[in-house]
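Structure record follows, encoded as structure tokens.
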Amino acid sequence: MEAPFVNPTEESAAEAIEAIRDELELFDDWMERYQYIIEMGRKLPPFPTIWQNDAHRVPGCQSQVWLEEKTEGDRLYFAGLSDAAIVSGLVALLLRVYSGRTRAEIAATDPSFLRDLGLVQALSTNRGNGVEAMARAIRSAAAQPA
């Protein structure tokens, strides 16, 4: 899959979650983790300006967040971006877990990992709600017939 869609680096969503957990545990405090998450966002493939519109906007996010999906074979690929650095990092984290997976794997991967990793609790209430809204949008796209 070509840019702007994210290709998975791990074999499964579960492996991606475990890799993220391991990476976040390398840092001693949340400020360092935030920096790491922001860096993840900076590495997202370029998101086309033409998609930065209301049709691609994720409702429920304090910042502007845009997502696009594409089906290839039995897999669903996502592209995304936010106008806020930390939120772009959270988009990158979610796409690492969900992009390039089958609809069944996306449906089976509960976004509770966001709480398990401490991400939702470490964010402001609005940002926590926003990242959960992004996860819902991804899972909702996967629930649609191909």
Side-chain angles (χ1 to χ4, degrees), residues 1-24 26-27 30-103 105-107 109-144 146:
M1 182 62 48
E2 71 284 345
F5 297 95
V6 173
N7 284 306
T9 53
E10 289 84 13
E11 290 294 316
S12 69
E15 287 178 30
I17 293 165
E18 197 54 42
I20 292 165
R21 179 186 323 279
D22 292 346
E23 291 162 10
L24 291 177
L26 294 173
F27 303 103
W30 272 103
M31 289 312 292
E32 292 174 340
R33 290 180 185 130
Y34 287 146
Q35 258 327 108
Y36 178 73
I37 292 168
I38 288 168
E39 283 305 312
M40 287 178 69
R42 290 186 177 134
K43 294 176 184 172
L44 278 171
F47 191 83
T49 306
I50 196 166
W51 290 347
Q52 295 175 32
N53 58 37
D54 286 343
H56 292 87
R57 189 153 187 229
V58 177
C61 296
Q62 177 182 10
S63 304
Q64 292 190 79
V65 176
W66 303 279
L67 286 174
E68 174 63 50
E69 76 266 353
K70 178 178 180 177
T71 302
E72 189 168 286
D74 66 341
R75 299 191 176 272
L76 196 56
Y77 291 84
F78 293 92
L81 179 71
S82 174
D83 63 347
I86 187 69
V87 180
S88 277
L90 295 167
V91 168
L93 187 145
L94 285 169
L95 297 189
R96 182 173 173 185
V97 171
Y98 289 113
S99 188
R101 313 291 177 203
T102 64
R103 291 175 188 277
E105 185 175 10
I106 293 169
T109 304
D110 192 288
S112 62
F113 72 88
L114 296 166
R115 290 191 180 276
D116 297 343
L117 295 174
L119 288 167
V120 173
Q121 302 88 313
L123 299 167
S124 68
T125 301
N126 286 338
R127 294 245 192 265
N129 291 340
V131 73
E132 290 177 325
M134 285 185 272
R136 278 193 306 276
I138 289 168
R139 295 186 65 194
S140 174
Q144 301 301 314

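These figures come from a predicted structure and were not determined experimentally. We use all heavy atoms of the structure for the numbers below, so side chains are in, but hydrogens, waters and symmetry mates are not.
Ile106 approaches Ala142 most closely through the heavy-atom pair CG2-CB, 3.5 Å. Nearest approach of Ala133 to Pro59, heavy atoms of both residues: CB-O, 3.5 Å. Looking at every heavy atom in both residues, Gly80 comes nearest to Leu95 through N-CD1, 3.6 Å. Heavy-atom minimum distance, Pro111 versus Arg139: CD-NH1, 2.7 Å.
Crowding of Asp54 atom CG: a count of heavy atoms from other residues, nucleotides or ligands under 6.0 Å not exceeding 12. When the shell of 6.0 Å around CD1 of Ile50 is examined, it contains 12 or fewer heavy atoms from other residues, nucleotides or ligands.
Sorted by first then second residue, the salt bridge (charged side-chain N to carboxylate O under 4.0 Å, His left out) pairs that include residues 42-51, not counting sequence neighbours, are Glu39-Arg42.
Judged by distance alone, the side chain of Ser140 and the main-chain N or O of Arg136 form no donor-acceptor pair under 3.5 Å. With Arg101 contributing its side chain and Val97 its backbone, the two residues share a donor-acceptor pair below 3.5 Å. Side-chain N or O atoms of Asp74 include none that pairs as donor or acceptor with a backbone N or O of Thr102 at under 3.5 Å. Judged by distance alone, the side chain of Ser99 and the main-chain N or O of Phe78 form a donor-acceptor pair under 3.5 Å. Remark: the backbone N or O of Ala79 is not paired with any side-chain donor or acceptor of Glu69 at under 3.5 angstrom.
In this structure the side chain of Leu81 never reaches within 4.5 angstrom of the side chain of Val65, judged on heavy atoms. Between Pro8 and Tyr77 there is a side-chain heavy-atom pair separated by less than 4.5 Å. Between Val87 and Met134 there is a side-chain heavy-atom pair separated by less than 4.5 Å.
Summarising the geometry, atom OG belonging to Ser88 is positioned 11.0 Å from atom CD belonging to Gln64; distances are rounded to the nearest 0.5 Å. Atom OH of Tyr98 and atom CG of Leu67 lie 12.0 Å apart (nearest 0.5 Å). Of the inter-residue distances, the one linking Ile86 atom CD1 with Ile37 atom CD1 reads 5.0 Å to the nearest 0.5 angstrom.
With sequence neighbours left out, Ser63 forms a side chain to side chain donor-acceptor pair (under 3.5 Å) with Arg127. With sequence neighbours excluded, the residues forming a side-chain contact (heavy atoms from CB on, under 4.5 Å) with Ala85 are Ile38, listed by chain and number. By the salt bridge (Lys or Arg N to Asp or Glu O under 4.0 Å) test, Arg57 pairs with no residue at all, sequence neighbours left out. For Arg96, the side chain to side chain donor-acceptor pair (under 3.5 Å) partners at least two apart in sequence or on another chain are Glu10, Glu23. Trp51 meets the ring-ring contact (aromatic ring centres under 6.0 Å, His included) test with Phe5, Phe47, His56; sequence neighbours excluded.
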Side chain to side chain contact (heavy atoms under 4.5 Å, CB included) between Leu76 and Lys70, worked out: CA-CA 6 Å; Leu76 196 56; Lys70 178 178 180 177; over 6 Å; no

Evaluation steps, side chain to side chain contact (heavy atoms under 4.5 Å, CB included), between Thr109 and Ile17: CA-CA 10 Å; Thr109 304; Ile17 293 165; 3.8 Å; yes

Decide side chain to side chain contact (heavy atoms under 4.5 Å, CB included) for Tyr36 and Ile20; before the verdict, give the C-alpha distance in whole Å, the side-chain angles of both, and the deciding distance to 0.1 Å. CA-CA 11 Å; Tyr36 178 73; Ile20 292 165; over 6 Å; no

Quick one, Arg21 with Glu18, criterion salt bridge (charged side-chain N to carboxylate O under 4.0 Å, His left out). Give me CA distance, side-chain angles, the key distance, then yes/no. CA-CA 5 Å; Arg21 179 186 323 279; Glu18 197 54 42; 3.5 Å; yes

Which donor-acceptor pairs under 3.5 Å do side chains of residues 112-119 form with protein atoms, sequence neighbours excluded?
residue	atom	partner	partner atom	Å
Ser112	OG	Asp110	OD1	3.2
Arg115	NE	Glu132	OE2	3.2
Arg115	NH2	Glu132	OE2	2.9

